[in-house]
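Residue numbering restarts at 1 for every chain, and letters A, B, ... go by the order of the sequence lines.
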Protein chains: 2
Amino acid sequence: MRPLLHPSVDDITVEGILHALSDPVRVAIFADIVGSTCSQICSHFLTVRDRPIPKSTLSQHFKALREAGLILSERRGVEMHNSSRCAEIEVRFPGLISTIVKAHAMQLAGRHHGDKRTRKAPDPRIARGR
Amino acid sequence: MRPLLHPSVDDITVEGILHALSDPVRVAIFADIVGSTCSQICSHFLTVRDRPIPKSTLSQHFKALREAGLILSERRGVEMHNSSRCAEIEVRFPGLISTIVKAHAMQLAGRHHGDKRTRKAPDPRIARGR
DNA sequence: TGCTATGGTTCAGGACTTACGAACAATTGA
DNA sequence: TCAATTGTTCGTAAGTCCTGAACCATAGCA
(Lines give C-alpha, C1' and ligand atoms only; values in the text may rest on other atoms or scores of the structure.)
Protein backbone atom coordinates (compact mmCIF):
# COMPACT_ATOMS: atom_id res chain seq x y z
CA MET A 1 0.00 0.00 0.00
CA ARG A 2 1.74 3.10 -1.25
CA PRO A 3 1.86 6.24 0.89
CA LEU A 4 -0.77 8.95 0.55
CA LEU A 5 0.23 11.82 -1.68
CA HIS A 6 -0.72 15.40 -0.87
CA PRO A 7 0.46 18.26 -3.08
CA SER A 8 2.07 21.21 -1.34
CA VAL A 9 -0.09 24.36 -1.40
CA ASP A 10 2.02 25.87 -4.14
CA ASP A 11 1.37 22.93 -6.41
CA ILE A 12 -2.40 23.23 -6.11
CA THR A 13 -3.89 24.49 -9.38
CA VAL A 14 -7.21 26.06 -10.24
CA GLU A 15 -7.69 23.52 -13.02
CA GLY A 16 -7.02 20.69 -10.61
CA ILE A 17 -9.55 22.00 -8.12
CA LEU A 18 -12.20 22.60 -10.78
CA HIS A 19 -11.66 19.18 -12.27
CA ALA A 20 -11.95 17.45 -8.92
CA LEU A 21 -15.14 19.33 -8.11
CA SER A 22 -16.71 18.89 -11.55
CA ASP A 23 -18.00 15.49 -10.53
CA PRO A 24 -21.36 15.51 -8.71
CA VAL A 25 -20.35 12.81 -6.24
CA ARG A 26 -17.06 14.49 -5.42
CA VAL A 27 -18.55 17.95 -4.84
CA ALA A 28 -21.16 16.39 -2.60
CA ILE A 29 -18.49 14.60 -0.58
CA PHE A 30 -16.28 17.66 -0.41
CA ALA A 31 -19.13 19.98 0.56
CA ASP A 32 -19.99 17.59 3.38
CA ILE A 33 -16.40 17.52 4.61
CA VAL A 34 -16.16 21.31 4.41
CA GLY A 35 -19.43 21.68 6.29
CA SER A 36 -18.55 19.36 9.16
CA THR A 37 -16.44 20.35 12.14
CA CYS A 38 -14.66 17.03 12.63
CA SER A 39 -12.90 14.88 10.05
CA GLN A 40 -14.96 12.35 8.13
CA ILE A 41 -14.04 8.76 7.34
CA CYS A 42 -14.40 7.47 3.78
CA SER A 43 -17.01 4.84 4.52
CA HIS A 44 -19.35 7.59 5.69
CA PHE A 45 -19.92 8.23 1.98
CA LEU A 46 -20.82 4.74 0.84
CA THR A 47 -24.10 6.33 -0.09
CA VAL A 48 -24.14 9.88 -1.42
CA ARG A 49 -27.50 11.56 -1.83
CA ASP A 50 -29.35 8.27 -1.81
CA ARG A 51 -27.08 6.60 -4.32
CA PRO A 52 -24.77 3.75 -3.35
CA ILE A 53 -21.13 4.32 -4.33
CA PRO A 54 -19.00 1.19 -4.80
CA LYS A 55 -16.07 1.32 -2.45
CA SER A 56 -13.44 1.07 -5.16
CA THR A 57 -15.03 4.07 -6.84
CA LEU A 58 -15.16 5.90 -3.53
CA SER A 59 -11.49 5.23 -3.00
CA GLN A 60 -10.72 6.78 -6.40
CA HIS A 61 -12.86 9.82 -5.61
CA PHE A 62 -10.95 10.41 -2.39
CA LYS A 63 -7.70 10.00 -4.23
CA ALA A 64 -8.86 12.64 -6.73
CA LEU A 65 -9.82 15.10 -3.99
CA ARG A 66 -6.58 14.43 -2.13
CA GLU A 67 -4.32 14.85 -5.16
CA ALA A 68 -6.11 18.04 -6.19
CA GLY A 69 -5.09 19.36 -2.77
CA LEU A 70 -8.65 19.72 -1.53
CA ILE A 71 -8.49 17.34 1.41
CA LEU A 72 -6.03 16.00 3.92
CA SER A 73 -6.30 12.27 4.54
CA GLU A 74 -4.81 10.61 7.58
CA ARG A 75 -4.91 6.97 8.42
CA ARG A 76 -5.89 6.27 12.02
CA GLY A 77 -5.95 2.61 12.73
CA VAL A 78 -8.05 1.02 10.05
CA GLU A 79 -9.91 4.19 9.20
CA MET A 80 -9.05 7.12 6.95
CA HIS A 81 -9.86 10.51 8.36
CA ASN A 82 -10.45 13.31 5.90
CA SER A 83 -10.53 17.02 6.52
CA SER A 84 -10.59 19.94 4.12
CA ARG A 85 -7.56 22.09 3.30
CA CYS A 86 -9.74 25.20 2.92
CA ALA A 87 -7.57 27.40 5.09
CA GLU A 88 -4.47 26.75 3.00
CA ILE A 89 -6.31 27.13 -0.30
CA GLU A 90 -7.97 30.33 0.89
CA VAL A 91 -4.54 31.94 1.12
CA ARG A 92 -3.63 30.96 -2.41
CA PHE A 93 -7.03 31.43 -4.10
CA PRO A 94 -9.18 33.66 -1.88
CA GLY A 95 -12.87 32.91 -1.96
CA LEU A 96 -12.61 30.12 -4.50
CA ILE A 97 -13.67 27.20 -2.35
CA SER A 98 -16.40 28.98 -0.42
CA THR A 99 -17.93 30.37 -3.61
CA ILE A 100 -18.01 26.98 -5.28
CA VAL A 101 -19.45 25.28 -2.22
CA LYS A 102 -22.06 28.02 -1.94
CA ALA A 103 -23.01 27.72 -5.61
CA HIS A 104 -23.31 23.98 -5.19
CA ALA A 105 -25.60 24.46 -2.19
CA MET A 106 -27.76 26.89 -4.16
CA GLN A 107 -28.08 24.41 -6.97
CA LEU A 108 -29.19 21.71 -4.55
CA ALA A 109 -31.66 24.05 -2.91
CA GLY A 110 -33.15 24.97 -6.26
CA ARG A 111 -33.70 21.34 -7.17
CA HIS A 112 -37.28 20.77 -5.96
CA HIS A 113 -39.84 18.01 -6.44
CA GLY A 114 -37.99 14.96 -7.73
CA ASP A 115 -36.01 16.81 -10.37
CA LYS A 116 -33.16 14.31 -10.45
CA ARG A 117 -30.65 16.11 -12.60
CA THR A 118 -27.14 14.82 -12.02
CA ARG A 119 -24.47 15.56 -14.58
CA LYS A 120 -23.70 18.34 -17.06
CA ALA A 121 -27.32 18.60 -18.23
CA PRO A 122 -27.26 18.14 -22.01
CA ASP A 123 -30.75 19.57 -22.19
CA PRO A 124 -30.44 22.79 -24.19
CA ARG A 125 -33.40 25.01 -24.95
CA ILE A 126 -32.21 28.03 -26.86
CA ALA A 127 -30.82 27.44 -30.31
CA ARG A 128 -29.33 30.34 -32.23
CA GLY A 129 -27.47 30.56 -35.49
CA ARG A 130 -28.43 29.23 -38.90
CA MET B 1 -24.28 22.01 -39.99
CA ARG B 2 -26.52 21.60 -36.99
CA PRO B 3 -27.75 24.62 -35.07
CA LEU B 4 -25.85 25.96 -32.07
CA LEU B 5 -27.13 24.78 -28.74
CA HIS B 6 -27.22 27.05 -25.72
CA PRO B 7 -28.68 25.83 -22.43
CA SER B 8 -31.22 28.07 -20.75
CA VAL B 9 -29.92 29.70 -17.55
CA ASP B 10 -31.86 27.28 -15.39
CA ASP B 11 -30.17 24.33 -17.01
CA ILE B 12 -26.69 25.62 -16.27
CA THR B 13 -25.02 23.51 -13.57
CA VAL B 14 -22.08 24.12 -11.28
CA GLU B 15 -20.58 20.78 -12.35
CA GLY B 16 -20.92 21.77 -15.99
CA ILE B 17 -19.20 25.09 -15.43
CA LEU B 18 -16.39 23.56 -13.39
CA HIS B 19 -15.83 20.83 -15.91
CA ALA B 20 -15.69 23.28 -18.81
CA LEU B 21 -13.21 25.47 -16.95
CA SER B 22 -11.05 22.60 -15.69
CA ASP B 23 -9.18 22.59 -18.98
CA PRO B 24 -6.25 25.04 -19.17
CA VAL B 25 -6.97 26.01 -22.77
CA ARG B 26 -10.65 26.59 -22.11
CA VAL B 27 -10.15 28.74 -19.00
CA ALA B 28 -7.62 30.79 -20.91
CA ILE B 29 -10.08 31.32 -23.77
CA PHE B 30 -12.95 32.04 -21.44
CA ALA B 31 -10.93 34.47 -19.30
CA ASP B 32 -9.99 36.33 -22.46
CA ILE B 33 -13.61 36.55 -23.60
CA VAL B 34 -14.72 37.70 -20.15
CA GLY B 35 -11.99 40.30 -20.08
CA SER B 36 -12.72 41.82 -23.46
CA THR B 37 -15.46 44.35 -24.11
CA CYS B 38 -16.43 43.14 -27.58
CA SER B 39 -17.19 39.61 -28.75
CA GLN B 40 -14.29 37.45 -29.90
CA ILE B 41 -14.16 35.21 -32.94
CA CYS B 42 -12.93 31.63 -32.59
CA SER B 43 -9.92 31.99 -34.85
CA HIS B 44 -8.54 34.59 -32.49
CA PHE B 45 -7.57 31.63 -30.31
CA LEU B 46 -5.68 29.55 -32.84
CA THR B 47 -2.79 30.09 -30.51
CA VAL B 48 -3.39 30.21 -26.77
CA ARG B 49 -0.50 31.24 -24.55
CA ASP B 50 2.05 30.52 -27.25
CA ARG B 51 0.69 27.11 -28.07
CA PRO B 52 -1.01 26.39 -31.39
CA ILE B 53 -4.46 24.82 -31.05
CA PRO B 54 -5.66 22.74 -34.02
CA LYS B 55 -8.89 24.19 -35.31
CA SER B 56 -10.91 21.02 -34.87
CA THR B 57 -9.84 20.97 -31.25
CA LEU B 58 -10.66 24.65 -30.92
CA SER B 59 -14.12 24.02 -32.30
CA GLN B 60 -14.70 21.34 -29.65
CA HIS B 61 -13.49 23.67 -26.90
CA PHE B 62 -15.98 26.33 -27.99
CA LYS B 63 -18.71 23.74 -28.10
CA ALA B 64 -17.84 22.73 -24.53
CA LEU B 65 -17.94 26.34 -23.29
CA ARG B 66 -21.19 26.98 -25.16
CA GLU B 67 -22.96 23.87 -23.89
CA ALA B 68 -21.86 24.53 -20.33
CA GLY B 69 -23.69 27.85 -20.68
CA LEU B 70 -20.56 29.96 -20.33
CA ILE B 71 -20.60 31.70 -23.68
CA LEU B 72 -23.06 32.86 -26.31
CA SER B 73 -21.97 32.11 -29.87
CA GLU B 74 -23.48 33.88 -32.85
CA ARG B 75 -22.63 33.33 -36.46
CA ARG B 76 -22.09 36.54 -38.40
CA GLY B 77 -21.24 35.83 -41.97
CA VAL B 78 -18.41 33.37 -41.98
CA GLU B 79 -17.27 34.21 -38.46
CA MET B 80 -18.47 33.06 -35.08
CA HIS B 81 -18.77 35.78 -32.47
CA ASN B 82 -18.48 34.73 -28.85
CA SER B 83 -19.40 36.67 -25.75
CA SER B 84 -19.67 35.59 -22.13
CA ARG B 85 -22.94 34.91 -20.34
CA CYS B 86 -21.55 36.22 -17.04
CA ALA B 87 -24.52 38.45 -16.31
CA GLU B 88 -26.99 35.59 -16.51
CA ILE B 89 -24.79 33.21 -14.52
CA GLU B 90 -24.16 35.87 -11.88
CA VAL B 91 -27.88 35.83 -11.06
CA ARG B 92 -27.93 32.08 -10.64
CA PHE B 93 -24.53 31.56 -8.99
CA PRO B 94 -23.35 34.87 -7.55
CA GLY B 95 -19.62 35.44 -7.61
CA LEU B 96 -18.80 32.06 -9.12
CA ILE B 97 -17.44 33.18 -12.47
CA SER B 98 -15.56 36.21 -11.22
CA THR B 99 -13.93 34.24 -8.42
CA ILE B 100 -12.76 31.50 -10.78
CA VAL B 101 -11.46 33.99 -13.33
CA LYS B 102 -9.66 35.88 -10.59
CA ALA B 103 -8.10 32.69 -9.20
CA HIS B 104 -6.98 31.76 -12.67
CA ALA B 105 -5.37 35.18 -13.12
CA MET B 106 -3.57 34.84 -9.79
CA GLN B 107 -2.24 31.47 -10.81
CA LEU B 108 -0.90 32.92 -14.06
CA ALA B 109 0.63 35.86 -12.24
CA GLY B 110 2.38 33.54 -9.81
CA ARG B 111 3.92 31.52 -12.62
CA HIS B 112 7.31 33.22 -13.08
CA HIS B 113 10.49 32.40 -14.95
CA GLY B 114 9.65 29.64 -17.39
CA ASP B 115 7.74 27.50 -14.93
CA LYS B 116 5.63 25.78 -17.57
CA ARG B 117 3.18 23.93 -15.40
CA THR B 118 -0.03 23.22 -17.28
CA ARG B 119 -2.38 20.58 -16.00
CA LYS B 120 -3.35 19.13 -12.61
CA ALA B 121 0.23 19.03 -11.38
CA PRO B 122 0.89 15.45 -10.25
CA ASP B 123 3.93 16.66 -8.39
CA PRO B 124 3.21 15.93 -4.73
CA ARG B 125 5.61 16.82 -1.95
CA ILE B 126 4.03 15.90 1.33
CA ALA B 127 3.39 12.26 1.99
CA ARG B 128 1.45 11.21 5.06
CA GLY B 129 -0.03 7.95 6.18
CA ARG B 130 1.30 4.69 7.42
C1' DT C 1 -0.34 -16.46 18.14
C1' DG C 2 -3.90 -17.43 14.99
C1' DC C 3 -8.59 -16.18 13.18
C1' DT C 4 -12.09 -12.90 11.79
C1' DA C 5 -14.08 -8.46 10.89
C1' DT C 6 -13.60 -3.92 9.19
C1' DG C 7 -12.06 -0.17 6.22
C1' DG C 8 -9.40 0.93 2.15
C1' DT C 9 -6.49 0.08 -1.94
C1' DT C 10 -5.04 -1.98 -6.24
C1' DC C 11 -5.73 -4.26 -10.57
C1' DA C 12 -7.86 -5.31 -14.92
C1' DG C 13 -11.54 -4.84 -18.12
C1' DG C 14 -14.87 -2.38 -20.53
C1' DA C 15 -17.22 2.02 -21.25
C1' DC C 16 -16.87 6.55 -22.08
C1' DT C 17 -14.29 10.97 -23.42
C1' DT C 18 -10.92 13.66 -25.66
C1' DA C 19 -7.56 15.18 -29.30
C1' DC C 20 -6.76 16.09 -33.93
C1' DG C 21 -6.04 15.28 -39.18
C1' DA C 22 -8.82 14.98 -43.18
C1' DA C 23 -12.85 16.00 -45.40
C1' DC C 24 -16.70 18.83 -45.57
C1' DA C 25 -20.05 22.99 -45.28
C1' DA C 26 -21.34 27.91 -45.40
C1' DT C 27 -20.43 32.47 -46.53
C1' DT C 28 -18.02 36.24 -48.86
C1' DG C 29 -15.66 38.67 -52.53
C1' DA C 30 -13.69 38.76 -56.97
C1' DT D 1 -18.37 30.39 -60.88
C1' DC D 2 -14.17 30.11 -58.35
C1' DA D 3 -11.17 30.72 -54.53
C1' DA D 4 -10.45 32.12 -49.88
C1' DT D 5 -11.87 32.18 -45.21
C1' DT D 6 -13.93 30.39 -41.04
C1' DG D 7 -15.70 26.84 -38.67
C1' DT D 8 -17.87 21.93 -38.21
C1' DT D 9 -18.05 16.96 -38.54
C1' DC D 10 -16.13 12.33 -38.80
C1' DG D 11 -13.09 8.60 -37.70
C1' DT D 12 -9.65 6.75 -34.99
C1' DA D 13 -6.09 6.56 -31.65
C1' DA D 14 -5.04 7.79 -26.96
C1' DG D 15 -6.52 8.70 -22.54
C1' DT D 16 -9.55 8.70 -18.47
C1' DC D 17 -13.16 6.79 -15.56
C1' DC D 18 -16.05 3.16 -13.31
C1' DT D 19 -16.32 -0.98 -10.86
C1' DG D 20 -16.06 -6.05 -9.38
C1' DA D 21 -12.64 -9.09 -7.62
C1' DA D 22 -8.72 -9.72 -5.17
C1' DC D 23 -5.83 -7.88 -2.01
C1' DC D 24 -3.55 -5.38 2.23
C1' DA D 25 -3.42 -3.47 7.07
C1' DT D 26 -5.09 -2.95 11.51
C1' DA D 27 -7.87 -4.19 15.58
C1' DG D 28 -10.07 -7.28 18.64
C1' DC D 29 -10.78 -11.54 20.43
C1' DA D 30 -10.15 -16.35 21.58
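Checked by distance alone, B:S56 brings a side-chain donor or acceptor within 3.5 Å of a matching partner on the base of C:dG21.
The closest side-chain heavy-atom distance from B:T13 to A:Q107 is below 4.5 Å. Counting heavy atoms from C-beta on, the side chains of A:V25 and A:T57 never come closer than 4.5 Å.
Among the nucleotides D:dT9, C:dT6, D:dC18, the one closest to any side-chain atom of A:D23 is D:dC18. Closest approach to the A:S59 side chain among C:dT9, D:dA25, C:dT18 is made by C:dT9 (side chain taken as heavy atoms from C-beta onward). Which of C:dA19, D:dT6, D:dT9 sits closest to the side chain of B:K55 comes down to D:dT6.
The CG atom of A:L58 sits 16 Å away from the P atom of D:dC17 (whole-angstrom rounding). Put simply, CG on B:L4 is 12 Å from P on D:dG7, counting in whole angstrom units. With rounding to whole Å, B:H44 atom NE2 is found 15 Å from D:dT6 atom C1'.
Comparing A:E79 and A:K63 by the nucleotide of DNA chain C whose heavy atom lies nearest to each, the residue mapping closer to the 5' end is A:E79. Mapped onto DNA chain D by nearest heavy atom, A:G77 and A:P54 fall at different nucleotides, with A:P54 at the one closer to the 5' end. In this structure, B:H81 and A:R26 both approach DNA chain D, and ranking their closest nucleotides by distance from the 5' end singles out B:H81.
An OP1 or OP2 oxygen of D:dG7 is reached within less than 4.0 angstrom by a side-chain nitrogen or oxygen of B:S43. Put simply, A:T57 has a side-chain N or O that comes within less than 4.0 Å of OP1 or OP2 on D:dT19. In this structure, A:R2 does not reach the D:dA25 phosphate: none of its side-chain N or O atoms is under 4.0 Å from OP1 or OP2. Look at B:H61 and you won't find any side-chain N or O under 4.0 angstrom from OP1 or OP2 of C:dT17.
Salt bridge status for A:E79 with A:R76: absent, with no side-chain N to carboxylate O gap under 4.0 Å.
Checking A:N82 against A:S73 by side-chain atom types alone, a donor-acceptor pair falls below 3.5 Å.
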